[in-house]
Amino acid sequence: MINIQKIRADFPILNQKINGKELIYFDNAATSQTPQIVIDKISNYYLGYNSNIHRGVHFLSQKATEAYENARKTIQLHFNASRPYEIIFTSGATHSINIIALGYTKILKKGDEIIISEMEHHSNIVPWQMLCERTGAILKIAPINEDGVLVLDKFKSMCSKKTKLVVITHVSNALGTVNPIESILSISHSFNAKVIIDGAQAAPHFKIDFQALDIDYYVASSHKLYGPTGVGMLYGKERLLNELSLYHGGGEMIHQVTFKKTTYAELPHKFEPGTPNIAGVIGFGEAINYTNSIGLNNINSYEKELMEYATKELDKIKDLKIYGKAKDKTAIISFNIGKLHPYDLGAILDKFGIAVRTGHHCAQPIIDYYKIPGTIRVSFSFYNTKEEIDIMVDSLIRATKMLQ
Amino acid sequence: MINIQKIRADFPILNQKINGKELIYFDNAATSQTPQIVIDKISNYYLGYNSNIHRGVHFLSQKATEAYENARKTIQLHFNASRPYEIIFTSGATHSINIIALGYTKILKKGDEIIISEMEHHSNIVPWQMLCERTGAILKIAPINEDGVLVLDKFKSMCSKKTKLVVITHVSNALGTVNPIESILSISHSFNAKVIIDGAQAAPHFKIDFQALDIDYYVASSHKLYGPTGVGMLYGKERLLNELSLYHGGGEMIHQVTFKKTTYAELPHKFEPGTPNIAGVIGFGEAINYTNSIGLNNINSYEKELMEYATKELDKIKDLKIYGKAKDKTAIISFNIGKLHPYDLGAILDKFGIAVRTGHHCAQPIIDYYKIPGTIRVSFSFYNTKEEIDIMVDSLIRATKMLQ
Amino acid sequence: MKTISEIQQEIIEEFNIFSDWTQRYEYIIELGKSLTLINKKYKIDNYLISGCQSKVWLNAELVGNKIIYTADSDAIITKGIIAILLRVFSNQHPSNIIDANTDFIDVLGLKEHLSPTRANGLSSMIKQIKMYAIAFRTKLA
Amino acid sequence: MKTISEIQQEIIEEFNIFSDWTQRYEYIIELGKSLTLINKKYKIDNYLISGCQSKVWLNAELVGNKIIYTADSDAIITKGIIAILLRVFSNQHPSNIIDANTDFIDVLGLKEHLSPTRANGLSSMIKQIKMYAIAFRTKLA
Ligand SMILES: Cc1ncc(COP(=O)(O)O)c(C=O)c1O
Ligand SMILES: Cc1ncc(COP(=O)(O)O)c(C=O)c1O
C-alpha cells in the first residue's frame with residue numbers, strides 16, 4: 001500500500017509553487033524526482049568520504065570503494081543478475097546502448113540483420129544505425145499497429161538466421177506500451193539472435209528478473225529511477241560482455257600497460273575506464289534501496305490506478321485522442337486535443353504549474369507514424385495523486401478554451 | 001592571499017578523524033575535495049529544479065537548462081574559449097580523450113604518426129593505442145630524461161610531416177612535471193599536427209588561456225577540480241570538433257531521425273547524446289566559480305610554497321629519493337625511501353590518518369622507466385598546510401623505523 | 001514611420017493593461033490567429049526554421065531600403081509571438097534591425113518563449129531575421 | 001595436529017596482548033621478515049598473483065593428504081599477513097581449507113588488507129589458496 005502523504009514528504013521538490021500554483025510534476029518519464037534520502041546519500045559522500053576508488057590504500061578510498069561496490073551488489077540483487085560484475089556502471093542508458101553497439105563492430109558482418117521496433121527512442125535507434133554503417137549490417141524495422149502495439153507475427157516473420165540482434169524497448173517512452181519481452185526473447189533466441197532490451201522506462205515501474213527471463217542485455221538510467229543524473233547501468237550476461245570489443249580505454253580498465261602491449265582487466269572494470277561517477281553510483285544504489293522500501297509491486301499497482309483514472313478522465317475531454325492503446329501500458333499517456341498544437345497546450349499547462357512533456361519525445365519515427373507534429377505526454381510516478389490529475393484535466397479544458 | 005582557516009571551513013570533509021588522528025588528505029591528484037558551496041548547489045538542484053534539460057517547455061526544465069548552459073559559459077570564460085559550444089561536457093577526462101581518439105578513426109591513415117610522451121596516464125595512452133590498432137597509425141614515444149622532463153630536442157626530431165597528432169599531458173600525474181606546452185604547440189603546429197593536451201592535473205592548479213595558447217584540444221575532470229564526480233570537459237576548436245566523426249548516438253544529439261536517414265544537431269549537442277550529468281555539470285560550474293573566488297594565482301603561489309617546503313623537509317629523510325626533478329613542477333611529489341615498498345609506507349601512513357597514493361598511479365610506463373615497483377605520491381591542494389606536511393614527514397620517519 | 005524602439009514601447013504599453021498571464025496569452029493567441037498569412041510558396045522546407053517543438057517559416061524581401069518579413073508557425077502561441085516580432089522588425093531599415101535588441105519580450109513576460117533551449121524556433125527566427133538584415137545591408141551598401 | 005580454527009584462535013589470542021595498531025604492525029612486520037623463503041623457482045610470473053599495489057607469489061604442493069603452501073611478496077606488510085595465512089592454511093587437509101573462512105583477520109584489525117579493492121594481491125591469494133585446495137581434493141578423491 002502507498003502512503004501518499006508520507007511519500008510526498010520524501011520528495012521536497014514537489015512542495016513548491018510555479019507561477020503561483022502548486023507544482024504538478026507529470027514529466028516523470030523524462031526525469032523522475034529524487035527522494036531526500038538519496039540527496040543526503042550524495043551529500044554525505046562529499047561531506048564524509050569523497051575519494052577516488054579502487055587501488056587506494058587509505059581509509060577514505062576504501063570506504064568509497066566499498067560503497068561503490070555495494071551499489072553494484074544492490075543493483076545485481078534488485079534485478080537478479082547472477083554476478084555483480086555483470087552490472088556495468090555507465091553514464092546513462094544512452095551510454096550503455098552505445099557500449100553494446102560499439103562492442104558489436106567486429107562481430108557483425110555485412111548482410112547480418114538487426115531488427116529494431118518502430119517505437120524506439122532515438123538513443124536506441126542512432127547507435128544501431130551507426131553500427132550498420134560501420135559493419136554493413138542491415139537495420140530492419142518491426143512495425144507497430146494503430147494501437148501502438150508491436151505486431152508480433154510480423155516481427156516473427158522478419159526473423160531468420162541472418163538476424164543477429166533484436167533491439168527493443170521494454171516500455172515505449174512515447175506511448176507507454178509494454179512490449180511482450182518474453183515472447184520476443186524466445187522467438188529471438190530460437191534464431192540465435194541476442195536481444196538488447198532498453199529498460200529506461202520499465203525499470204522505474206515494475207520488477208524485472210534478468211535470470212528468470214533469460215535476458216541477454218538490459219539498460220537503464222538512474223535519473224529515471226529516482227536516482228541522480230549521470231549514471232546508468234548496462235547488464236549483460238558474462239559471456240556476452242566478454243565477447244564485446246572495447247572502444248574506450250583508460251585507467252581502471254587495464255591490467256597492464258606498456259607501449260608495446262596493453263592487457264585489459266576483467267569485468268566489470270574493462271567497461272568502466274576512468275574515474276566513474278562515484279557519488280552518482282552510490283546515490284543510484286540508495287535510490288534502488290528506497291524503491292524497494294516502498295515496494296515495486298505497490299508502486300506498480302498504485303500507478304496503474306492513476307493511469308486508469310487519468311485515462312477515464314481525459315477521455316471525457318472533447319476531441320481528445322490518446323495515442324497508444326495497448327492492453328499492457330505503464331504510467332504514460334500520450335495525447336492530442338483536436339488540431340491544437342502540443343506546444344500551445346504545454347505552454348499553457350506550464351502557466352498552471354503543470355509540467356508535462358510536448359513534442360516528439362525523442363521518438364520521431366513513431367510520431368511520424370501517426371502523422372502528427374507531436375503529442376502531449378503525461379507520465380506518472382507513485383508520488384502523483386488523483387487530485388493532480390483532476391487539476392490537469394480541468395486546466396486542459398481551460399487551455400483548450402483559450403486556444404480555440 | 002590564502003586565508004587557510006576560512007578555506008578549510010569550506011571543506012567539511014577535512015574536519016574528521018581517521019583511526020583517531022586528524023585526517024590529512026594528500027591524495028588530491030586522485031580526487032580533490034568538494035567545498036560546501038558545491039555540495040549545496042547539487043542538493044539545491046535536486047531539491048528545487050531537478051528536470052530533464054533542452055526541449056522541455058515547463059518551468060523546471062527551463063530552469064535546469066539555464067543552469068546547465070550557464071555552467072558551460074562559466075567554463076568557457078574561465079578557460080577563454082571563443083565559443084560556449086566549444087566546451088563539451090563529458091563524464092570525465094578519460095571520456096573526453098576517448099571521444100577525440102574515436103573521432104580520428106576516419107581521419108588517420110595507415111602510416112600516420114601519433115607522438116605521445118613517456119609520462120602519460122593510462123587514460124591518455126590506451127585510447128591512442130586503440131586508435132592505432134583501428135587505423136594502422138603508428139604510436140611514437142617521446143622520451144623523458146632521468147629528471148622526469150620531456151627531452152624537447154628528441155621530441156622535435158621525431159616530428160615530421162607524418163605526424164598528425166601530438167598527445168601530451170600538461171602536468172604529469174606521477175611526477176608533477178609541468179610540460180612546456182607552448183613549445184610543444186608551436187613545434188607541432190609547424191608540422192601541421194594537432195595537439196591533444198591532457199589538463200587533468202593542470203587545470204586545478206593554474207590558469208590556462210585556450211585562445212592565447214592556440215590550443216587545439218584540452219581535457220579535464222571535474223572531480224579533480226573541486227567539483228563533483230562523473231563530469232569532465234572536452235575543449236576543441238570549433239573547426240576541429242566538427243571534423244571528428246561520431247561514435248555515440250542518442251537523444252539530444254540529433255536534428256532529425258528517420259529510419260532512412262539521421263541528421264545530427266550542431267555543437268555542442270552532437271557530442272552530448274543522452275541525458276547528461278545535469279546536477280554534476282551545474283556543480284562543476286559552481287566549483288569553477290569557487291576556484292575563481294579564491295583566485296587561481298593565489299592557489300598557485302600558495303601550493304608552490306607548500307611544494308617547496310615539503311620538498312625541503314622530505315629531502316631531510318635519509319635515503320628518500322624524489323622522482324621528478326623538473327624546474328617547473330606543480331603540487332605533486334613522488335618518492336620512495338630506500339628499498340621500502342610504497343605499499344608498506346602507504347599502509348602505515350593511513351594508520352596515522354594520512355591519505356597518500358601508492359603504486360604506479362596509472363602511469364606504468366614511467367614507473368617502468370625508473371625500474372621501481374611504484375612510488376608514494378603526495379599531492380597538495382590549497383586547503384593543505386605546512387603543519388600537515390610536518391606531521392607527514394614525522395610519520396614517515398616513524399613508519400620507516402617500523403619497517404626497517 | 002515609427003522606430004523599432006517606439007514600436008516596442010507601444011507594445012509594452014498595450015500589454016500593461018493586462019492584469020494577468022491569461023489575458024496576455026489570450027491576446028497573443030488572437031494575434032496569432034490574425035497574422036497575415038505567408039505566401040504559400042514560402043511554406044516549404046527551404047524557409048523552415050525548425051525548433052523541435054514548433055515549426056517556423058520565415059521569408060524576407062527588400063522593398064526599397066526596408067525589409068518586409070513574413071512568417072508562419074504551426075503553433076498558435078508561437079505565431080502570436082511572431083506577429084509581435086514582425087510588427088517590430090518588419091518594414092524597417094536593415095541597420096536598425098541589426099542594432100535592435102529583443103529585451104522588450106522579457107518586459108511582456110514572454111521571455112521563456114525566446115529561450116534558445118525552448119526549441120520552438122523563435123530564438124532561431126530572431127537570429128535569422130538578423131542574418132537577413134546583415135545580408136540586405138551589404139546589398140544596399 | 002591443530003585445526004584451522006584452533007590456529008586462528010591462537011593467533012587472535014597472541015594479538016590480544018597488543019594494545020595498539022603499532023604493536024600489531026610491528027609484529028606483522030617481524031612475521032614478514034621471518035617468513036620462510038619461497039623456492040626461487042616459484043618466484044616467477046607463473047606463480048604471480050598480481051595486485052597492482054604489491055606482488056604475491058604462491059605455490060602449493062600436496063604432501064600426503066595435506067597441502068603445503070609457500071609464498072612471498074615484495075611488500076613486507078603483505079608478507080607478514082601471508083605468514084599468518086600460511087600458518088593457518090598450510091599443512092592442512094584440502095577439505096578443511098575449503099571450508100575455512102578468514103573472519104579472524106577482521107578480529108586482528110587487518111580487514112582492510114584483505115579487501116579485494118586494496119589490490120595488494122592478498123584477496124586473490126586467498127582465492128588461489130582455495131582453488132588449490134579444490135584441485136587437490138579432487139586429486140585425492
Ligand atoms: C594526467 C591524467 N590524465 C587523465 C586522468 C583520468 O581522469 P579521469 O579518471 O577523471 O577520467 C587522470 C586521473 O587520474 C590524470 O591524472
Ligand atoms: C525508452 C528510452 N530509452 C532511452 C532513453 C535515454 O536515456 P538517457 O537519456 O538517460 O540516456 C530514454 C530517455 O528518455 C528513454 O525513454
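Every chain is numbered from 1, with letters handed out A, B, ... down the list of sequences.
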> Check whether more than 12 heavy atoms from other residues, nucleotides or ligands sit under 6.0 Å from atom CG of A:D390, and answer yes or no.
yes

> Would you list the pairs meeting side chain to side chain donor-acceptor pair (under 3.5 Å) in which at least one residue belongs to residues 366-375 of chain A, sequence neighbours left out?
A:S334-A:T375, A:H361-A:T375

> Considering only residues two or more places apart or on different chains, which pairs with a residue in residues 317-326 of chain A satisfy salt bridge (Lys or Arg N to Asp or Glu O under 4.0 Å)?
A:E146-A:K321

> Look only at the side chain of A:D344 and the backbone of C:A75, and say whether a donor-acceptor pair between them is shorter than 3.5 Å.
no

> Quick check for you: to the nearest 0.5 Å, what is the distance between C:I76 atom CD1 and A:L340 atom CG?
9.5 Å

> Could you tell me if the side chain of A:H341 sits less than 4.5 Å from the side chain of C:K55, heavy atoms only?
no

> Strictly less than 4.5 Å between heavy atoms, which residues of residues 12-33 of chain C line up against chain A? Please order them by number.
C:W21, C:T22, C:Y25, C:E26, C:I29, C:K33

> Show every salt bridge (Lys or Arg N to Asp or Glu O under 4.0 Å) that has at least one partner inside residues 20-33 of chain A, sequence neighbours left out.
A:K17-A:E22, A:D27-A:R357, A:D27-A:R377

> Minimum heavy-atom separation for C:H113 to A:A347, with atom names?
CE1-CB, 3.9 Å

